[in-house]
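Accompanying notes for the structure given below.
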Protein chains: 2
Amino acid sequence: MGRIRMTDVARAAGVSPATVSYVLSGKRPISEATRKRVRRIIDELGYRPNHDARALKSTRSKTIGVLASDFTEISVSEIILSIEQIACQNEYHIFFVSGMEFDYDVKEALAFLMRRRLDGVIILFGVTSDQPVGTIGEIDIPLVSINRPASEAHPCILPDNYNGGYRAAEHLLSAGCTRVGLVTGPKERFSSRERARGFLACLKDSGRRFPRKLQYAGDFEYDSGAAGLERLLEVNPDMDGLFCANDMMAAGAVTAAGRLGVVVPERLKIIGFDNRDFSGLWPTPFSTLDAPFEEMGRASVNTLLSMIDGNTRETGITYIKATLVPRRSTSH
Amino acid sequence: MGRIRMTDVARAAGVSPATVSYVLSGKRPISEATRKRVRRIIDELGYRPNHDARALKSTRSKTIGVLASDFTEISVSEIILSIEQIACQNEYHIFFVSGMEFDYDVKEALAFLMRRRLDGVIILFGVTSDQPVGTIGEIDIPLVSINRPASEAHPCILPDNYNGGYRAAEHLLSAGCTRVGLVTGPKERFSSRERARGFLACLKDSGRRFPRKLQYAGDFEYDSGAAGLERLLEVNPDMDGLFCANDMMAAGAVTAAGRLGVVVPERLKIIGFDNRDFSGLWPTPFSTLDAPFEEMGRASVNTLLSMIDGNTRETGITYIKATLVPRRSTSH
DNA sequence: TTGTATGCGTTATCAC
DNA sequence: GTGATAACGCATACAA
């Protein structure tokens, strides 16, 4: 651990520590000769500036903290990836903590993050766990949350599930469906409710009525998709379009349709939500909405950086739209 | 920012900074009275120790760096999760960097990590990208790599693909198959080669010959699984068992079998590798080997910690075995 | 263009 | 039991 310090470099180069510091930061003019010499010594000695000392001195660590609940969720890890990408382009680094580490006590986790001189924090809530936000405590550094509002005072990035649901309906209608059904996710989930709400709104806007018997209450799991399809078809034999509020259920529905001999898409068109990796590979590849993970990550970093650098006081919710991915399950 | 310092607490409590420090660390006896008072003031003022100053002083940051190539890969994020879990239990934290941040220049990334006073580093290579290791440069802190040996001098955790392939064959044979086929992954991939090697070794050990025409060269993608199945069945109409070197190909194979009217598992048993989330949901759920991500994470942290704390000089490769997950595709 | 001196917030080594 | 005080490695105001 006996590391080489700036003093060592200075001595070896026959200059003062300050000079070495300035060579590194470029914050004041240095003669070409000394710069070259110092640089050479730095390489020779393998000197690495000590980050802790720097941070201690400058109060700007150039790193942002990311607190993620469960990043086993594919969505979460994709968002993190995008966060890192953008952060990196702006010469920021990521200090990462999973909520698990703090038993999902957000306040505690943030307190921990505050000890590091982080320039800002992004809280990334999971979508599958409806973990409560809880109080976030007193936070005096820039903070942005994703997937769930952290507090009134902090900006939040959300996927536009409402719009996605709306577009799903639009897509089915424009594909010629006249009697469309809906398999919802769990009522407790915000995303689930929003998707359904958007879907129904579109039907209403296009002047259709939607009988209750065309709706089935699923739970986002595969089996409920299959069960939903069977039940809906039983009650509405002429149903010709179906929106499942996520891809897991859509997969179940497509498979169940096959079992019943209901040909997709000829007799029934099906669309899901999430664009999971298996959706395009399914025996009948099915249409879906691609959740805007990458853009959500980008948006979060951008607003965070503008809070840090621009010193602005951003706030409010930003919705990011999903992308429609049409596949065989809804083709004419 | 981290406004309140130890000095402030000390002044408010009418004691010296040193006392506050010792209250916090418990490294020397403090009278019950002062301890209580100091603690109260700390809470009242909301004091948080400054991590940078601590690290600067003590040379032990209690955090380990994790350098991951592409953690969009589900395997990678699962390993990270497990790493964090174990690290956390030992009161270590994670400083996380993705290789992308450094254009996958491992040396550069490590140099960056070295600037933080990290107590150790885990390099987590992706499985899908066959990114070269490159030189890792001079590393004077404990280092463990996962998925690929970083250098002779550093310990490495690998999944036991050979054993997995072996067990896949065993499983097919014990399920009664007599003419088993193999769809390999790309030759360039170490994991792919190992899986095939283990598979063939088992056949050999059990005294069977394996004609070349029962092997098809896939590429780990869905389509090659389907193509492989069709081709193999064409040449060997009596093939009754098939090992696909990953689940993606197994999915393709299962679907293709359905298309051809070859009933799985009655006429043909199929097994994959990876235990992807869709494997158990596939119209015909298929057997597979569950890659030992969690255990790999645990192993990496454990050996790293024993290097850090025990100051031991671990080395060599540790193979972690996969778990067999039997499903309908191979049932009797 | 370069050097000197001071302090960032802790911990640890002395003293008392 | 407790209090001064010197580092830790660096950045920068102030000198030269």
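Since the model is a prediction, treat every value here as computed from it, not as a measurement. Note on naming: letters A, B, ... go to the chains in the order of the sequence lines (proteins, then strands), and numbering restarts at 1 for each one. These numbers come from the heavy atoms of this one structure, side chains and all, not from hydrogens, waters or symmetry mates.
Of all heavy-atom pairs between B/Asp119 and B/Lys62, the closest is OD2-N, 2.7 Å. Closest non-hydrogen pair, A/Val121 versus A/Leu304, comes out as O-CD1, 3.8 Å. Closest approach of A/Ile320 and A/Ala299 over heavy atoms only: CD1-CB, 4.0 Å.
A 4.5 Å side-chain heavy-atom check between A/Ser145 and A/His154 finds every atom pair outside the cut-off.
For the side chain to side chain contact (heavy atoms under 4.5 Å, CB included) criterion with B/Ile94, the lone passing option out of B/Val66, B/Val301, B/Ile80, B/Leu118 is B/Val66.
For the pair A/Asp52 CG and C/dT11 P, the interatomic distance rounds to 13 Å; values are reported in whole Å. Rounded to whole Å, the distance from CZ on B/Arg54 to C1' on C/dA12 is 14 Å. Between the NE2 atom of B/His51 and the P atom of C/dT10 there is a distance of 12 Å, given to the nearest Å. The CD1 atom of B/Ile4 sits 16 Å away from the C1' atom of C/dT10 (whole-angstrom rounding). If you take CG of B/Leu24 and P of C/dT11, they are 7 Å apart, rounded to a whole angstrom.
Salt-bridge check for B/Arg5 with B/Asp8: passed, with a basic side-chain N closer than 4.0 Å to an acidic carboxylate O.
With C/dT2, C/dT10, C/dA12 as the choices, the nucleotide that has an atom nearest any side-chain atom of B/Met6 turns out to be C/dT10.
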Sub-3.5 Å pairs of nitrogen or oxygen atoms, protein against nucleotides 4-8 of chain D:
{"unit_1": "D/dA7", "atom_1": "N3", "unit_2": "B/Lys57", "atom_2": "NZ", "d": "2.5"}

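More than 12 heavy atoms of other residues, nucleotides or ligands shown are found within 6.0 angstrom of CD on B/Glu32.
Near DNA chain C, meaning a heavy atom under 4.0 Å from it, residues 29-45 of chain A has A/Pro29, A/Ile30, A/Ser31, A/Thr34 in order of number.
Between the side chains of B/Ser16 and B/Thr19, a donor-acceptor pair is found at a separation under 3.5 Å.
A close approach under 4.0 Å does not occur between any side-chain nitrogen or oxygen of A/Lys27 and OP1 or OP2 of D/dA11.
As judged by a 4.0 angstrom heavy-atom cut-off over every strand, B/Thr19 is placed among residues touching the sugar-phosphate backbone only.
In terms of modelled atom types and a separation under 3.5 Å, the side chain of A/Ser82 and the main chain of A/Arg298 share a donor-acceptor contact.
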